[in-house]
> 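Got a structure for you, questions after.
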Amino acid sequence: MMLFALLLFVGVQDTPYQLTYQGTEVSFRGLDPDTMAVLHRDPRNLEFWRKIFPVFFGALPEPGGSKPSILGSYHVEEQQIVFKPRFPFYPGQMHSAYFDLTGFYRKIDPNKTGPTVSLDFQVAERVLEAKTLVAGVFPSSNRLPANQLKFYIHFTQPMARGQAYDHIRLFEESQGVVAGAFLDVDPELWDPESRRLTLFFDPGRIKRGLRPHNEDGTPLQVGRRYRLVVDPKMKDASGAPLKKAYEKVFVTGENDRRSPNYRDWQITVPPAGTSAPLVLNFAEPMEAALAQRMISLKTSQGDFVRGRISLHEGESIWNFRPDAPWNPGDYTLHFDAVMEDLAGNQLHRLFDEEMKGIPKAEPMPGQPKRSFSIR
Amino acid sequence: MISCKALLFLLRHIPENHKQLVIPCTLVLNSCLRRSIIPTKLTEGANSGSTFYYGGVTLRKFMLLATTLLTVQVMATSPFLANFEKKDVDIKSMGTLAFGPEGILLVGDSIGASIYAFDLGDRTPAKLEEPQRIADLEEQLGSLLGAPAADVLVHSMAVNPISMNTYFSVSRGRANWKSAWELPNDISNADILVKLTPAGVFSEVSIKALSHSKVDLPNPISTEAKHEWKQTSPRSDVISDMNYQKGRLFVAGLSNEEFSSTLRILDFPFKGSGNATGVEIYHGAHGKYETKSPVRAFLPYVADGKDHILAAYLCTPLAVFDVDELLAGKKVRGRTVAELGSGNFPTGMVRFSKEGKDYVLVSHSNRNLMVFDMDRVVSWKEEITEKQTKPTGLLGTPISGTGIRMMDSLSNDFIQMIARSPNGKLELFAYPTRRLAR
């Protein structure tokens, strides 16, 4: 095989012939002016050129092999024959080409002959511009309960899937990386646009009495300082890395084992005729995604009031700006009972309830709501 | 002077209906230039579509000479090609291929919501000596596309029953595959048509150069629609399968009507956009009526002297439809005749005959090949109307062969298939029908 290759494929440097890769095309030079003139008069067809001057994905085919050459077009230009591929040459891959002068002259001028000139060429890796950033992390507060349940990580562009757990780490200030802090769920929990990742702390380690909790302890400890780090090697959907690393520093407070008490939430009522916001103060940060879609405002006739919701002060303030100025009247805020605080405690149910015997059957609590009047 | 033999050879290779008569320069150069009967003035690219050099010699002068030597009927235009024209092709996706009469290739463009009929001029009858086997089809196609096998997508396959050339619609882009629910047409738009000869030679077919006719499908499912849990765009299923039979083209797919699952019946040659009927069936495995999921594979057949359609759905009910009802109604409920099991995707349906008996072969992603005796399909009168927990009803005979991605008839003796083999390669092979009906 080696001998065959040596005999047939003469290196470019030994001949006047040049087979060259130039990024988007491969060209062959070195034919004498008379032959070029013949080709200019009669440029030959695709079938002819694919036999004489094939360009291959990967290595040259074995003699007698059936590997098809790359689709493309051949052009007789001034002093050269140029191959342009149908699709761009594949980044990061080896390609090859040869020009069979023996076969060529057999068809063009039987008095002449020549060698087979070959070329291997490596196409450069695609250089991807890093443009994606972590847009933000919820909860935004830097003080979190020690039984914090999840993070939402928002990115500025759609991300590649299947690599999040390799590139997102939690560090404790003195002890370094916290192993197994997050629940490695497959598939990862992305929104449909692949721009928001939901990252759960391992709930089995948070819930008391469960085996992971008893064996590995809680992922976060009370009163410590942590860093959540998103490694810039994390790839966006185009395959490019992040523009820079992201870091969120936070400290942990006590465990939160109380349901948010919606009856105590402070409502700041705007005056009628204005578009001033209606402000609801939860007195503690709430789970951001749920707080944005689980609170609705209705008039006394039962019609929804339309407006824009925003969260502030580490998601402890809910702000509602109406599309139209407030009409005087009675209003009701409806809360979905599955709204959660940062530790996953819902309005009627704790995330990690201490079980003492068989719980008594209790009447289903009604839909949580609060009423107020605008004057 | 040119020999009669050479002339006959040339004439046989002239596309029958080409108004602008052009023959590939290889033929002309080889046979004529050497004999110095035609000046060597070349017209560039006339038969080439895009940028390929495909020098051709206008045939006018040549024909003058030819007619003095022989009287040959060259331009006998088939009625099927009557409304074909050579004009711009604006095809968005070549997602579904099927053969019509006389080697006409039908190409379903779901993204563009239209169907093209191309005159391939591929009507030279071939006899099958030995069916071919390609151990790594994606690698071979990748060599053409200049891409690794892992980035090659095969969207559809159809075998020309006359020439036995196989046509594939392909694209680069498998590397972008995100979920098991995505089909090739969900990942990228097939933009290349490739021909494979029975001798194993691959080449691109430049559709821009082909004479064609086209029909637009009214009310296709919107480009905005999203599948509720697969997160894919159902637009790629405007045409999920096509079958030509006796002057009619049957098309399964999705519309924007209340029952998005739709069976369309069009006249061929195309005369208007035909008839579209929303269809529903009772899906026993799910215990509910199905109106959104398209028919994935089907075949027209005749029962009691009337045209019917045998249709297979995802997860895997088989249902039959009466074509007269489809032509009469806006919405039609099919009769569910079988549940072939959950977690499965029916990938193809072909008919074959053995010793005077007709059979239907159904291929699946996750089941054996199944052979159905046509007499049994015709005489089956039962209907599934209640929830089922296991395969039931008109069950076919299971035959060795799983993971079949595509299939089409190669001859009466062989069915050509593509399957992902256990070594991970996409393999092309021919299944002998004698092993299917024993």
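Numbered from 1 within each chain, the chains take letters A, B, ... in sequence-line order. What you see is a predicted model; the values in this text were computed from it and never measured.
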> Does any backbone or side-chain atom of A:S66 lie under 4.5 Å from a heavy atom of chain B? Answer side chain, backbone, both or neither.
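It is both, since atoms from each part get that close.
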> If every non-hydrogen atom of B:E204 is compared with every non-hydrogen atom of A:R86, which pair is closest and at what distance?
OE2-NH2, 2.6 Å
> Taking atom NZ of A:K131 as the centre, report whether more than 12 heavy atoms of other residues, nucleotides or ligands fall under 6.0 Å from it.
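Result for NZ/A:K131: enclosed.
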> Counting only heavy atoms from other residues, nucleotides and ligands, does the tally under 6.0 Å from NZ of A:K112 exceed 12?
yes
> Compare every heavy atom of B:L144 with every heavy atom of A:R50, then report the nearest pair and how far apart it is.
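Heavy atoms only, the tightest pair is NH2-CD2, 3.3 Å.
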> Between A:P68 and B:S143, what is the shortest heavy-atom contact and its length?
O-CB, 3.2 Å
> Could you check whether atom CD of A:Q22 has more than 12 heavy atoms from other residues, nucleotides or ligands sitting under 6.0 Å from it?
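It does: A:Q22 CD has more than 12 such atoms within range.
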> Quick check on B:K292: does its NZ atom have over 12 non-hydrogen neighbours (other residues, nucleotides or ligands) under 6.0 Å away?
no
> Looking at every heavy atom in both A:Y90 and B:G146, which two are closest together, and how far apart are they?
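Heavy atoms of A:Y90 and B:G146 come nearest at CB-O, 3.3 Å.
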> Tell me, for A:F87 versus chain B, whether the close heavy atoms (under 4.5 Å) come from the side chain, the backbone, both or neither.
both
> Indicate the atoms forming the closest heavy-atom contact of B:R172 with A:P88, along with that distance.
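Distance-wise, the nearest heavy atoms are NH2-O, 2.8 Å.
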> Out of B:V194, B:V201, B:D191, return the one with the most heavy atom pairs under 4.5 angstrom to chain A.
B:D191
> Hey, is NZ on A:K235 packed in by over 12 heavy atoms from elsewhere, all under 6.0 Å?
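Open: at most 12 neighbouring heavy atoms sit under 6.0 Å from NZ of A:K235.
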> Against chain A, label B:I192 side chain, backbone, both or neither, depending on which of its atoms sit under 4.5 Å from a heavy atom there.
side chain
